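Below is one structure; the comments refer to it alone.
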Amino acid sequence: MGAASDRFQDIREGVRALCAEFPDSYFRKIDEARGYPDAFVDALTKAGWLAALIPQEYGGSGLGLAEASVIMEEINRCGGNSGACHGQMYNMGTLLRHGSEAQKRQFLPAIATGALRLQSMGVTEPTTGTDTTKLKTTAQKKGDRYVVNGQKVWISRVQHSDLMILLARTTPFGEVKRKSDGMSIFIVDLHQAIGHGLTVQPIANMVNHETNELFFDGLEIPAENLIGEEGKGFRYILDGLNAERTLIAAECIGDGYWFIDRAAKYANERIVFDRPIGKNQGVQFPLAESYIEIEAANLMRFHACELFDANLPCGAEANMAKYLAAKASWEAANVCLQTYGGFGFASEYDVERKFRETRLYQVAPISTNLILSYIAEHVLGLPRSF
Ligand SMILES: Cc1cc2nc3c(=O)[nH]c(=O)nc-3n(C[C@H](O)[C@H](O)[C@H](O)COP(=O)(O)OP(=O)(O)OC[C@H]3O[C@@H](n4cnc5c(N)ncnc54)[C@H](O)[C@@H]3O)c2cc1C
């Protein structure tokens, strides 16, 4: 594949070697059973790949976003789904950037070894959706505790995590100057919380993605679990989104290459009308077009990584990378399915599984419309639409 995709060969080879122990049949069985790839995630954790972004002084490998994104890309490119574990790579960023030294020492080394899993982040709510600043979950300070009441939806990997980052309102909406003020983030010990004010209700969904509805009814969180300053949580969460979007762009790039690799191979092998279907330009051109789009998205992904790793503003580039990559992977999924014809629908080829998996990234963690509105307002200077 192209030049942009050949960078970081040592990391690629390391992740590919690990992924080779978990073939398509492994992920297919997990998907069919609606299970969780425990063995795969354990192996990734033990090899240190999920601790790439944790600085060395806290037990991680202190790599940049570019390297981390290559790890995620390779998992998807090898046929797996980083969605089962990507939270462990980036959720700790909030703690790293805004946590106290004591919190960092308490949590980061254990997250780096995998002794503690910080796979979950609870932001989205059922009645407010993308309009995050209107969220209704409250955390009220009572002595040395915060008491949480409310509801979250689509909170992923809670059943495979020890900790969760939670965004809740600490000052009522009507009492803040700016709507983004008055929210705070907490680190929640899920083992202590579940059954003691937190109820977890799994959501059956189109992808094999462990995600849940959460109900908070008087959950008590020790005040020392507040991250950073009270009231600034929304800004802290926003800080982490550029990394999340760029990493997910890389996952989409990995999916895109997977679809095109598989489709090109199939198009060379499948004989209909006494010739490989790939001999027909009607089959070739969509593959070529899709490949071009993946390569272009890949350049934007590395551009976003370079800016992020140089501590430069990268909001527009991270959003554009996510937009282009999610679109390119979805197009590649469609082209791949079409190339396989009827066999694309058979589970044994894995196309339909990856097709479902990559579709998610048009919607989560941010929908395409919201990216377009970000670019319209923040890059083009158009009026706010909401
Ligand atoms: C499988 C899965 C896993 C998830 N994991 C997590 C998680 O771990 N933690 C978490 O906090 N959240 C998670 N989410 C939530 C995800 O971030 C949201 O679904 C996403 O941000 C969209 O919010 P919503 O579903 O409420 O859609 P809504 O806000 O209801 O929007 C619905 C549609 O309307 C469009 N829309 C809304 N307002 C506008 C507007 N002003 N202009 C144009 N279009 C608009 C949106 O683009 C979208 O297409 C997950 C979601 C899924 C499906």
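Numbering of ligands and ligand atoms starts at 1, following listing order. Predicted, not measured: the structure shown is a model, and the values here were computed from it. Counting begins at 1 with the first residue of the sequence.
Under a cut-off of 6.0 angstrom, the local environment of NE2 in H196 is sparse, with at most 12 non-hydrogen atoms contributed by other residues, nucleotides or ligands.
For the salt bridge (charged side-chain N to carboxylate O under 4.0 Å, His left out) test, no residue two or more places apart in sequence or in another chain qualifies with E210. Every residue meeting the side chain to side chain donor-acceptor pair (under 3.5 Å) condition with E101, not counting sequence neighbours, appears here in chain and number order: Y58, R105.
Summarising the contacts of atom 25 (O) of ligand 1 with F386, Y361, W154, the nearest heavy atom is found in W154. Taking only non-hydrogen atoms, the option from L370, L372, N369 nearest to atom 38 (N) of ligand 1 is L370. When the heavy atoms of M121, K152, E125 are ranked by distance to atom 9 (N) of ligand 1, first place goes to M121. In the candidate list G129, S385, S367, S373, S367 is nearest to atom 49 (O) of ligand 1, counting heavy atoms. Residue nearest to atom 3 (C) of ligand 1, selected from G122, G87, S156, P126: S156 (by heavy-atom distance).
Taking every heavy atom of both residues into account, S161 and L190 meet most closely at O-CD1, 3.6 Å.
The protein does not reach atom 33 (C) of ligand 1 closely, with no heavy atom under 4.0 angstrom from it. Within a 4.0 Å radius of atom 47 (O) of ligand 1, the protein contributes at least one heavy atom. Per-atom contact check: atom 42 (N) of ligand 1 does not touch the protein, criterion being a heavy-atom distance below 4.0 Å.
Atoms of ligand 1 lying under 4.0 Å from at least one heavy atom of T130, given by number and element, are 22 (C), 23 (O), 26 (O), 27 (O), 28 (P), 29 (O), 31 (O). Near V363, meaning under 4.0 Å from any of its heavy atoms, are these atoms of ligand 1: 20 (C). Near P365, meaning under 4.0 Å from any of its heavy atoms, are these atoms of ligand 1: 17 (O), 21 (O).
Under the 4.0 Å criterion applied to side-chain N and carboxylate O atoms, R235 and D181 are assigned as salt-bridge partners. Between R301 and E73, at least one side-chain nitrogen of the basic residue sits less than 4.0 Å from a carboxylate oxygen of the acidic one, meeting the salt-bridge criterion.
In terms of N/O distances under 3.5 Å, ligand 1 is not approached by H209. Of the polar atoms of I366, none of the N or O atoms is found under 3.5 Å from an N or O of ligand 1, judged by distance alone.
If you run side chain to side chain contact (heavy atoms under 4.5 Å, CB included) between L50 and each of Q88, R117, M92, H86, only Q88 comes through.
The shortest heavy-atom distance from I155 to ligand 1 is under 4.0 Å.
Ring centroids of F27 and F40 are separated by less than 6.0 Å, placing the two rings close together. Ring centroids of F355 and W330 are separated by less than 6.0 Å, placing the two rings close together.
Distance from atom 12 (N) of ligand 1 to its nearest protein heavy atom, with residue and atom name: T124 OG1, 2.7 Å.
With hydrogens and angles disregarded, a donor-acceptor distance shorter than 3.5 Å links the side chain of N208 to the backbone of G35.
The part of L360 lying near ligand 1 is the side chain, judged by heavy-atom distances below 4.0 Å.
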